[in-house]
Protein chains: 2
Amino acid sequence: MKRNTRQRDAIRQVFDDERDPLSPQEVLDRSQTHCPGLGIATVYRNVKALVDEGWLVAVLVPGEPDRYELAGKVHHHHFQCRACGGLFDIDGCVAGLDGMVPSGFQLDGHELTLYGRCARCA
Amino acid sequence: MKRNTRQRDAIRQVFDDERDPLSPQEVLDRSQTHCPGLGIATVYRNVKALVDEGWLVAVLVPGEPDRYELAGKVHHHHFQCRACGGLFDIDGCVAGLDGMVPSGFQLDGHELTLYGRCARCA
DNA sequence: ATAGATGCAAAGGGTTTGCACTTGA
DNA sequence: TCAAGTGCAAACCCTTTGCATCTAT
């Protein structure tokens, strides 16, 4: 991915405009506004390339298609609405993780996903 | 799922014998020892039924296919080893989750996965 | 006997890939 | 120009579903 294409620019623009993690399909929907005819395969190829070059990071939500968001954010977690399925960034983190790890285990990271209802669906 | 079939018994047996969370394919592999000819569709149907009746619970690991384990364990989370891929039960939980939720959001559950190296791989 | 459960294969949904065409540099 | 990038459709993988057959009760 060395060239600047209309499609690639549209995809990057989508992530610049959106703060919350997006699935490939959501990226496609938003991108097509500024780049009609864009194909889902191109979204997948570009998202993968953008992750490889460190511009995006994957947000892995259990049981959901993978989503992506801009890299470089401060440490945070996510909240998924059980009603609309939307994913929202949650600031802050929890403490006490070290105390949960069995002796001999080395902790180097964690993923936390909160579930419930978002403000609109509640 | 109101009847006791050979297939259903074999599937339950697998979960009784295994403590670790299993994917549908792993359940199939183990079940076929005691029930040759068992189909993957039957595994999916029975696992789903066993979850619905509360005998199994889904273990959602980000980026991994869903796994299932016996219900009734005390609330716990999981540790995944980055080296061997193994999943380990982690006792305990974290506090302060309510404070992380934006106003208007309703929290009703959470998933926490720790990453690092298990005692054997460390 | 008969509704429930199974096995197979086909259908779905999301993701990847092959290939001819388009396009940025 | 001409290889990188795209669009389309087919291929894949995992999961679900339709349907004829089998079976627990």
Side-chain angles (χ1 to χ4, degrees), chain A residues 1-15 20-69 78 80 82 84-87 113, chain B residues 1-15 21-69 80 85 87:
Chain A
M1 294 297 187
K2 304 160 187 172
R3 295 180 183 174
N4 269 15
T5 64
R6 179 172 67 262
Q7 293 86 342
R8 192 164 157 81
D9 286 343
I11 291 169
R12 269 193 294 232
Q13 172 107 38
V14 166
F15 282 104
D20 295 321
L22 298 173
S23 67
Q25 186 59 52
E26 290 171 329
V27 174
L28 177 65
D29 295 341
R30 287 166 172 70
S31 298
Q32 284 186 323
T33 304
H34 295 296
C35 185
L38 194 158
I40 187 70
T42 296
V43 172
Y44 276 101
R45 279 187 284 237
N46 275 285
V47 164
K48 187 173 207 174
L50 290 169
V51 169
D52 287 343
E53 66 185 56
W55 196 78
L56 289 177
V57 294
V59 176
L60 305 173
V61 182
E64 290 277 312
D66 289 353
R67 299 174 188 226
Y68 303 87
E69 65 182 4
H78 299 95
Q80 183 169 40
R82 296 198 198 266
C84 69
L87 199 63
T113 308
Chain B
M1 296 297 185
K2 304 161 187 171
R3 295 181 184 176
N4 271 13
T5 64
R6 180 172 67 262
Q7 294 86 341
R8 189 165 158 80
D9 286 342
I11 291 169
R12 272 193 291 231
Q13 173 107 36
V14 166
F15 283 105
L22 300 172
S23 66
Q25 185 60 52
E26 291 170 329
V27 174
L28 177 64
D29 295 342
R30 287 165 172 73
S31 299
Q32 285 186 322
T33 304
H34 295 295
C35 184
L38 196 159
I40 186 70
T42 296
V43 173
Y44 277 103
R45 279 187 284 235
N46 275 286
V47 165
K48 186 172 205 173
L50 290 168
V51 169
D52 287 345
E53 66 186 56
W55 196 77
L56 289 178
V57 293
V59 175
L60 305 172
V61 182
E64 294 274 313
D66 289 354
R67 301 175 191 219
Y68 302 87
E69 66 182 4
Q80 183 168 43
L87 262 192

Please report the shortest heavy-atom distance between [X] and [Y], naming the atom on each side.
{"X": "B/Glu69", "Y": "B/Pro21", "answer": "OE1-CG, 3.5 Å"}
{"X": "A/Thr42", "Y": "A/Ile11", "answer": "O-CD1, 4.2 Å"}
{"X": "A/Leu38", "Y": "A/Gln32", "answer": "O-NE2, 3.0 Å"}
{"X": "B/Pro24", "Y": "B/Val43", "answer": "O-CG1, 3.6 Å"}

Phosphate OP1/OP2 of D/dT23 contacted by B/Gln7 side-chain N/O (<4.0 Å):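 So the side-chain polar atoms of B/Gln7 never come under 4.0 Å of the phosphate oxygens OP1 or OP2 of D/dT23.
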
Looking at every strand, decide which applies to A/Ile40 at a 4.0 Å heavy-atom threshold: base, sugar-phosphate, or nothing. nothing

List the steps, then state whether salt bridge (charged side-chain N to carboxylate O under 4.0 Å, His left out) holds for A/Asp9 with A/Arg6. CA-CA 5 Å; A/Asp9 286 343; A/Arg6 179 172 67 262; over 6 Å; no

[X] [atom1] to [N] [atom2]: how many Å, rounded?
{"X": "A/Asn46", "N": "D/dA4", "atom1": "CG", "atom2": "P", "result": "15 Å"}
{"X": "B/Leu22", "N": "D/dC14", "atom1": "CG", "atom2": "P", "result": "16 Å"}
{"X": "A/Glu26", "N": "C/dG14", "atom1": "CD", "atom2": "C1'", "result": "14 Å"}
{"X": "B/Gln25", "N": "D/dT16", "atom1": "CD", "atom2": "C1'", "result": "15 Å"}
{"X": "A/Leu38", "N": "D/dG5", "atom1": "CG", "atom2": "P", "result": "15 Å"}
{"X": "B/Asp52", "N": "C/dA5", "atom1": "CG", "atom2": "C1'", "result": "16 Å"}
{"X": "A/Gln32", "N": "D/dC8", "atom1": "CD", "atom2": "C1'", "result": "14 Å"}
{"X": "B/Lys48", "N": "C/dT6", "atom1": "NZ", "atom2": "P", "result": "14 Å"}

Could you say whether B/Ile11 or A/Pro24 is positioned toward the 5' end of DNA chain C, judged by the nucleotide with the nearest heavy atom to each?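 Its nucleotide being nearer the 5' end, the pick is B/Ile11.
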
Which residues share a side chain to side chain donor-acceptor pair (under 3.5 Å) with B/Gln25, sequence neighbours left out: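 For B/Gln25, the residues satisfying side chain to side chain donor-acceptor pair (under 3.5 Å) (neighbours in sequence not counted) are B/Asp29.
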
Go along nucleotides 18-25 of chain C 5' to 3' and tag each nucleotide: B for a protein heavy atom under 4.0 Å from its base, S when only backbone or sugar atoms are that close, - otherwise. B----BBS

Which pairs would a plain distance check flag for residues 49-57 of chain B, meaning a side-chain donor or acceptor within less than 3.5 Å of a matching protein atom at least two apart in sequence or in another chain?
residue	atom	partner	partner atom	Å
B/Glu53	OE1	B/Arg8	NH2	3.1
B/Glu53	OE2	B/Arg8	NH2	3.4

